[in-house]
Amino acid sequence: GNSVTQMEGPVTLSEEAFLTINCTYTATGYPSLFWYVQYPGEGLQLLLKATKADDKGSNKGFEATYRKETTSFHLEKGSVQVSDSAVYFCALPRGATNKLIFGTGTLLAVQP
Amino acid sequence: NAGVMQNPRHLVRRRGQEARLRCSPMKGHSHVYWYRQLPEEGLKFMVYLQKENIIDESGMPKERFSAEFPKEGPSILRIQQVVRGDSAAYFCASSPERQGNEKLFFGSGTQLSVL
């Protein structure tokens, strides 16, 4: 079945540093891929998504490219801010439903 | 338009007690999903409900756990005779339709601690 493996955290960066959070997946076919973000004290929010191979999802300066060859969907941002401190989850659907399979989450802490 | 509301935010129970977790979906959403996040693990799907119907409970433990989404009122996740292993964060999500993951909205979760 579908699964996702996510880079373990925590990741601690200084402001304006470059961020990469790795995510690889195993799936039947080519499902949509998602990154969700959970800010402290809040629920998960959809950050970005990609619906097919070679698609690039982007939002709030974050990007992730759906790479079929490497079965990866790594999250990147060129210059992180303190306000980006949160837990980031990679996810994909289980079949054609809203049942999502999540990675374990990566805690990002950005220091001023 | 308020988001998905879950309460309580934190719930402490002693072993053997019952835990009731509530989820009010976003206005206009008739599909509710419950997920559980155990320590050091990702969120795991538990159950999917529409108004008055359980559609998929393949992720629910076979005993002690139940869920409902009545015609009126919030969705309830009930855990009877809680054990320490039930300690986790429980998240609810809602959507206006069956498919379309970009329309899935999550609540802030209920942190259940079993003493």
Side-chain angles (χ1 to χ4, degrees), chain A residues 1-10 21-27 30-52 55 57-59 64 66 73 75 86-107, chain B residues 2-10 21-26 29-50 54-60 67 69 88-111:
Chain A
N2 293 0
S3 67
V4 61
T5 301
Q6 187 174 341
M7 172 180 172
E8 289 190 17
I21 300 178
N22 290 340
C23 172
T24 56
Y25 66 89
T26 303
Y30 301 104
S32 296
L33 300 175
F34 304 89
W35 276 101
Y36 278 81
V37 59
Q38 184 181 25
Y39 297 105
E42 300 183 15
L44 279 74
Q45 304 172 26
L46 178 64
L47 178 61
L48 55 83
K49 67 180 176 75
T51 57
K52 59 184 187 296
D55 250 10
S58 61
N59 185 25
Y66 191 159
F73 193 54
L75 183 68
V87 181
Y88 293 82
F89 295 90
C90 186
L92 76 169
R94 186 170 68 188
T97 70
N98 277 340
K99 289 182 290 185
L100 292 172
I101 299 169
F102 286 90
T104 52
T106 301
L107 173 63
Chain B
V4 178
M5 303 301 292
Q6 288 188 250
N7 67 82
R9 290 294 301 274
H10 301 276
L21 289 64
R22 295 175 182 77
C23 169
S24 296
M26 286 185 71
H29 287 195
S30 59
H31 300 251
V32 166
Y33 304 77
W34 284 93
Y35 286 80
R36 176 168 67 172
Q37 184 178 27
L38 294 168
E40 308 300 323
E41 295 186 17
L43 281 75
K44 297 283 197 311
F45 167 77
M46 298 182 74
V47 62
Y48 163 38
L49 311 101
Q50 292 182 33
I54 297 174
I55 306 302
D56 182 344
E57 56 182 349
S58 58
M60 287 274 273
F69 188 16
Y90 292 83
F91 291 92
C92 170
S94 73
S95 71
E97 57 194 55
R98 181 182 179 88
Q99 295 183 19
N101 290 289
E102 60 269 27
K103 297 175 186 173
L104 195 63
F105 293 86
F106 283 81
S108 301
T110 293
Q111 181 65 51

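Each chain gets a letter, A, B and so on, in the order its sequence line appears, and its residues count up from 1. Everything quoted here is computed from the prediction, not taken from an experiment.
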### Task
Side chain from CB out, backbone as N, CA, C, O: work out which of these in A/Gln38 comes under 4.5 Å of a heavy atom of chain B, or both, or neither.
side chain

For [X] against [Y], the heavy-atom pair lying closest together:
X	Y	result
B/Ser58	A/Arg94	OG-NH2, 3.5 Å
B/Phe106	A/Leu44	CB-O, 3.4 Å
B/Ser108	A/Gly41	OG-O, 3.6 Å

### Query
Does A/Phe34 reach the side chain of B/Leu104, with side-chain heavy atoms less than 4.5 Å apart?
no

### Summary
When the 4.5 angstrom heavy-atom criterion is applied to B/Gln37 and chain A, the contacting part is side chain

### Task
Heavy atoms only, distances under 4.5 angstrom: which of B/Ala89, B/Gly107, B/Cys92 has the most pairs with chain A? Name it, please.
B/Gly107

### Query
Within a reach of under 6.0 Å around CD of A/Glu42, are more than 12 heavy atoms found that belong to other residues, nucleotides or ligands?
yes

### Query
So does A/Tyr30 have more than 12 non-hydrogen atoms from other groups sitting under 6.0 Å from OH?
no

